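This report refers to the structure that appears directly beneath it.
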Amino acid sequence: MPHLQDSWAVTNGILHGKLVAERVKAPIRQQTALLAEQGITLTLAVVRVGADPASEVYVRGKVRACAEVGILSRHHHLDATVTEAEIVALVEELNNDDSVDGILVQLPLPRGISESRIIAAVDPRKDVDGFHPLNLGQLFSGRSLLEPCTPAGCMLLLEAAGVPLSGKRAVVVGRSVIVGRPVAQMLVRADATVTMCHRFTEDLGACIAQADVVVVAAGVPGLIRGSWVKPGAAIIDVGINRLPTGKLTGDVEFEEAHARAGVITPVPGGVGPMTVAMLLWNTLVAAMLRRRLGMPRPAAQAWSV
Ligand code: ADP
């Protein structure tokens with residue numbers, strides 16, 4: 001039985017992102033309540049453009065999560081026909097609005113709109129997605145104050161499960177700027193030996209078979225075969241794919257991988273809730289730094305007390 005020992009975050013080899021996310025959210029809720037006593041209300045502005053159905057679901061989840069921890073959210077929904085200049089104008093208005101602590105532009109944006117131009121328009125101090133070139137650059141040269149939510153959530157999951165990283169072989173599947181590249185940097189920072197795989201990788205199975213830790217963000221259901229998994233490995237499945245049956249599934253053959261893995265995240269209930277929790281965390285960090293209130297206690301300490 002290769003499964004990792006049961007703990008508050010892991011049962012029967014399943015790493016419960018929902019439970020870890022709750023532990024991250026609890027101190028955020030406490031902190032916003034303390035700030036509220038001083039008359040400070042944290043505000044997250046969410047910008048959504050067009051009618052992408054997945055984006056609508058994600059935004060709804062983020063707005064709900066804000067309410068849960070006492071963060072005010074403002075939803076700006078623009079029509080798909082809006083111009084790039086109009087989106088930039090809204091972002092600039094939010095940059096200059098002193099009551100706004102965080103700005104999130106929900107991706108993807110409609111075709112014809114330059115995502116990089118919009119992201120670069122966000123004030124780096126309000127960039128709760130951590131995608132601004134300044135924040136990404138800081139991440140790549142060490143640590144950024146606002147780090148991308150999904151990769152940061154993956155790292156906290158590994159930490160919550162007690163997965164050792166130093167000196168271990170980690171394989172990241174997917175090289176997007178949003179997930180694959182930043183999570184690879186974070187794994188390097190944690191002293192893992194990191195291999196990045198992508199759609200041109202020859203013999204993905206051979207890479208996976210060597211990995212003590214696998215983080216998959218490819219958006220291809222069943223891409224990672226259970227039979228490839230090294231016994232005892234930790235598998236973080238970032239994929240969220242909707243099958244024709246309507247069922248949500250990750251990028252990993254779950255049952256087969258679970259049988260071999262030390263620990264594996266489910267879909268749903270794995271990485272997804274962590275992405276949202278880290279967005280709330282980043283909003284708190286952005287607010288406290290901009291208002292010169294210092295840094296909140298690191299999220300990873302949420303379960304060590
Ligand atoms: P995300 O937003 O989840 O990071 P993207 O769609 O931006 O996803 O990127 C998908 C990534 O997955 C790309 O880097 C791509 O190279 C990788 N990928 C897609 N298909 C495969 C495949 N069959 N094998 C390995 N990697 C793949």
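Please read these numbers as outputs of a predicted model, since none were measured by experiment. Both counts, for ligands and for their atoms, begin at 1 and track the order of listing.
- Atoms of ligand 1 found under 4.0 Å from any heavy atom of V220, numbered from 1 in the order shown, are 20 (N).
- Of the protein's non-hydrogen atoms, the one nearest atom 2 (O) of ligand 1 is S176 OG, 4.1 Å.
- Of the charged side-chain nitrogens involved, at least one lies within less than 4.0 Å of a carboxylate oxygen, so that D97 and R74 count as a salt-bridged pair.
- Ligand-side atoms of ligand 1 in range of V179: 4 (O), range being under 4.0 angstrom from any heavy atom.
- Close approach of ligand 1 to R175 is summarised as follows: ligand atoms under 4.0 Å from at least one heavy atom of the residue are 13 (C), 14 (O), 16 (O).
- With distances taken over non-hydrogen atoms, the option nearest atom 8 (O) of ligand 1 out of G219, A217, G239 is A217.
- Among protein heavy atoms, the minimum distance from atom 16 (O) of ligand 1 is reached at R199 N, 3.0 Å.
- By heavy-atom distance, the residue among L107, D251, I178, L223 lying nearest atom 24 (N) of ligand 1 is L223.
- Ionic pairing of D123 and R290 is not present here: no N-O contact between side-chain nitrogen and carboxylate oxygen is shorter than 4.0 angstrom.
- For the pair R260 and W228, the cation does not sit on the ring face, since its NZ or CZ is not both under 6.0 Å from the ring centre and inside 45° of the axis.
- For Y58, there are no ring-ring contact (aromatic ring centres under 6.0 Å, His included) partners at least two apart in sequence or on another chain.
- Distance from atom 10 (C) of ligand 1 to its nearest protein heavy atom, with residue and atom name: A218 O, 3.6 Å.
- Taking the charged nitrogens against the carboxylate oxygens, R117 and E84 do have a contact shorter than 4.0 Å, which makes a salt bridge.
- Side-chain N/O atoms of S99 and T43 include no donor and acceptor closer than 3.5 Å.
- Counting atoms of ligand 1 from 1 in the listed order, those under 4.0 Å from a heavy atom of G174 are 11 (C), 12 (O), 14 (O), 17 (C).
- Close approach to H198 involves these atoms of ligand 1, each under 4.0 Å from a residue heavy atom: 16 (O), 24 (N), 25 (C), 26 (N), 27 (C).
- Here salt bridge (Lys or Arg N to Asp or Glu O under 4.0 Å) pairs that include residues 263-284, with residues two or more places apart or in two chains, number zero.
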